[in-house]
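Notes to accompany the following structure.
Predicted, not measured: the structure shown is a model, and the values here were computed from it.
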Amino acid sequence: MTPCILTLNCGSSSIRFALHDAGAPEYRRLEGKVDRIGLSGTKLSYRNSEGGSASSLPVPDSGHSAAISYLLDWLGSQDGFSSVLAAGHRVVHGMEHPGPIVVTQTLLDELRETSRYAPEHLPQEIELIEAMQVRHPGMTQVACFDTSFHHTLPRVASMLPLPLRLGIRRYGFHGLSYAYLSAELTRLDPAAADGRVILAHLGNGASLCAVRAGRSMDTSMGFTPAGGLMMGSRSGDHDPGLISYLLGKGEMTPSQFQHMVNRESGLLGVSGTSSDLRDLLDIESTDVRAAEAVALFCYQVTKWIGALAAALGGLDTLVFAGGIGENSAVIRELICAGLGFLGINLETSRNAVPANVISTDVSPVTVRVPTDEAIMMARDLVKITRPTTGGGACGL
């Protein structure tokens, strides 16, 4: 087997993975995910090459630790895994790091300190990195930060209306997805990439980003990944007075409030049934709370698109990404139904496929559906490991 690189994306309810050819990161030898972590029906789905047939295996335990152990055991048993030169990890919060860096003990200590800003993500990501260290102690690991893309935010967009002495600002997240989408848009339509673009990363975690000329100008998430748009189990933005109200009544402690807005809110909190939009769409015709959760999610996305279009001074291109954005035609249709005033008009047959462009030929705003965070990690991994491998992409 020729050398390859491994990318790992440990999210709040899934772990995505891919083995990329070290000389051509766009080519995957193996890709898949462990899905529905923390819910019933946790499974590992995979395919052996691009376009190959998909297979799946049940994961016995739905917890994150069990999912990590199961995945790494399975990966280690695959033919050719010994040819992996390095592993790249999506890390949700990089604080002031403007780009990817090699994992060291100093970085891990920093990430543990940073975990309080992203308690639903960083502990699991650190656990995955350390599990890789135990199984493959000689393998180079690289942290690719979701916050790095947003280092271009204008100061006014990064500020929070709080006392400056606190040193608190807006960071933004889902940067690997946004970096890929911007690069892909530049490849497909350079003129559009220089225009006014909104990227909508919609999954169990969800956010939107306003981009001009490949630079982040504003985004829905702020200081932590819990802010902005409502998500699978996260509340998104809420009235800060709720904290003093609920804590003052003695109904919950600060840690209980944190748990509520991260684990018990969003689609799960409104529906009372599930944090997975697929489940809610299946039952919304007979379950009013499920229908309300779907409607609220779409309404909030529509509002954010309007707000970010105002920040850009108009809109030329809208891109849907993430598990929901890529795979749910009905959600894309519901979101866009109220955006005709911005010049967004979907073509029903294109949206159903979906095609790369799902808007009509006469729509003033072009609407697209591509995404690939793994390729951005693979490209970053090749760049950052090249100086230490004796020239060529990962030593090739």
Side-chain angles (χ1 to χ4, degrees), residues 1-11 14-35 37 42-59 64 67-91 100-103 124-125 127-146 176-177 179-180 183-184 203 321-323 326 370-386 388-390 392-396:
M1 296 289 289
T2 57
C4 60
I5 51 181
L6 171 67
T7 58
L8 293 160
N9 181 345
C10 187
S14 66
I15 306 173
R16 297 176 182 270
F17 62 89
L19 282 178
H20 304 255
D21 190 293
E26 289 76 10
Y27 176 73
R28 295 175 177 82
R29 299 181 191 169
L30 174 70
E31 64 179 331
K33 63 180 177 179
V34 179
D35 197 18
I37 297 174
T42 308
K43 64 179 180 180
L44 188 157
S45 304
Y46 65 96
R47 63 177 70 243
N48 287 320
S49 62
E50 293 186 37
S53 59
S55 302
S56 64
L57 300 166
V59 177
H64 252 100
I68 288 172
S69 180
Y70 186 91
L71 173 60
L72 295 187
D73 288 344
W74 182 84
L75 282 173
S77 69
Q78 300 306 298
D79 290 340
F81 188 81
S82 60
S83 67
V84 174
L85 295 174
H89 297 264
R90 175 201 172 203
V91 177
I101 59 174
V102 173
V103 172
Q124 294 91 338
E125 291 163 5
E127 182 180 3
L128 177 56
I129 291 171
E130 292 183 327
M132 284 289 295
Q133 287 179 328
V134 170
R135 286 170 170 76
H136 309 286
M139 185 181 294
T140 298
Q141 298 194 74
V142 174
C144 305
F145 301 107
D146 252 346
L176 290 171
S177 176
Y180 168 77
E184 185 68 359
E326 295 172 55
T371 188
D372 201 325
E373 293 171 298
I375 282 183
M376 289 311 300
M377 284 192 284
R379 290 171 179 166
D380 285 342
L381 195 54
V382 167
K383 290 176 184 177
I384 200 168
T385 56
R386 181 179 292 125
T388 63
T389 53
C394 284
L396 293 183

To check you understand the geometry: which heavy-atom pair defines the closest contact between Pro25 and His20, and what is its length? O-ND1, 2.7 Å
Is it the case that Arg16 and Asn9 place a side-chain donor and acceptor less than 3.5 Å from each other? no
Counting C-beta onward and ignoring hydrogens, is there a side-chain heavy-atom pair between Tyr70 and Leu57 closer than 4.5 Å? yes
Quick check: does any side chain N or O of Gln141 sit under 3.5 Å from a backbone N or O of Ile129, one acting as donor and the other as acceptor? yes
Between SG of Cys144 and CZ of Arg90, what distance do you get to the nearest 0.5 Å? 11.0 Å
I need the Ile68 CD1 to Glu127 CD distance, nearest 0.5 Å. 4.0 Å
Can you find a pair of side-chain heavy atoms, one from Thr42 and one from Val34, that are under 4.5 Å apart? yes
Write down the atom of Met139, the atom of Ala87, and the distance for their closest heavy-atom approach. SD-CB, 3.9 Å
Looking only at atom types and distance, does a side-chain atom of Asp35 sit under 3.5 Å from a main-chain N or O of Ser14, one as donor and one as acceptor? no
Any side-chain heavy atom of Leu6 within less than 4.5 Å of one from Met132? yes
Atom pair CG (Leu44) and CG (Leu71), whose distance is rounded to the nearest 0.5 Å: 6.0 Å
Looking at every heavy atom in both Leu19 and Cys4, which two are closest together, and how far apart are they? CD2-SG, 4.0 Å
Atom CG of Asp79 and atom CG of Leu30: how far apart are they, to the nearest 0.5 Å? 10.5 Å
Shortest non-hydrogen contact between Ile101 and Phe145, atoms and distance: CG1-CE1, 3.9 Å
Any side-chain heavy atom of Arg135 sitting closer than 4.5 Å to one from Ser69? yes
Within a strict 4.5 Å, meaning less than it, do heavy atoms of the Gln124 and Ile37 side chains meet? no
Closest heavy-atom pair and its distance - Pro137, Val134: CD-O, 3.8 Å
Tightest non-hydrogen contact, residues Cys10 and Glu125, listed as O-OE2, 3.4 Å
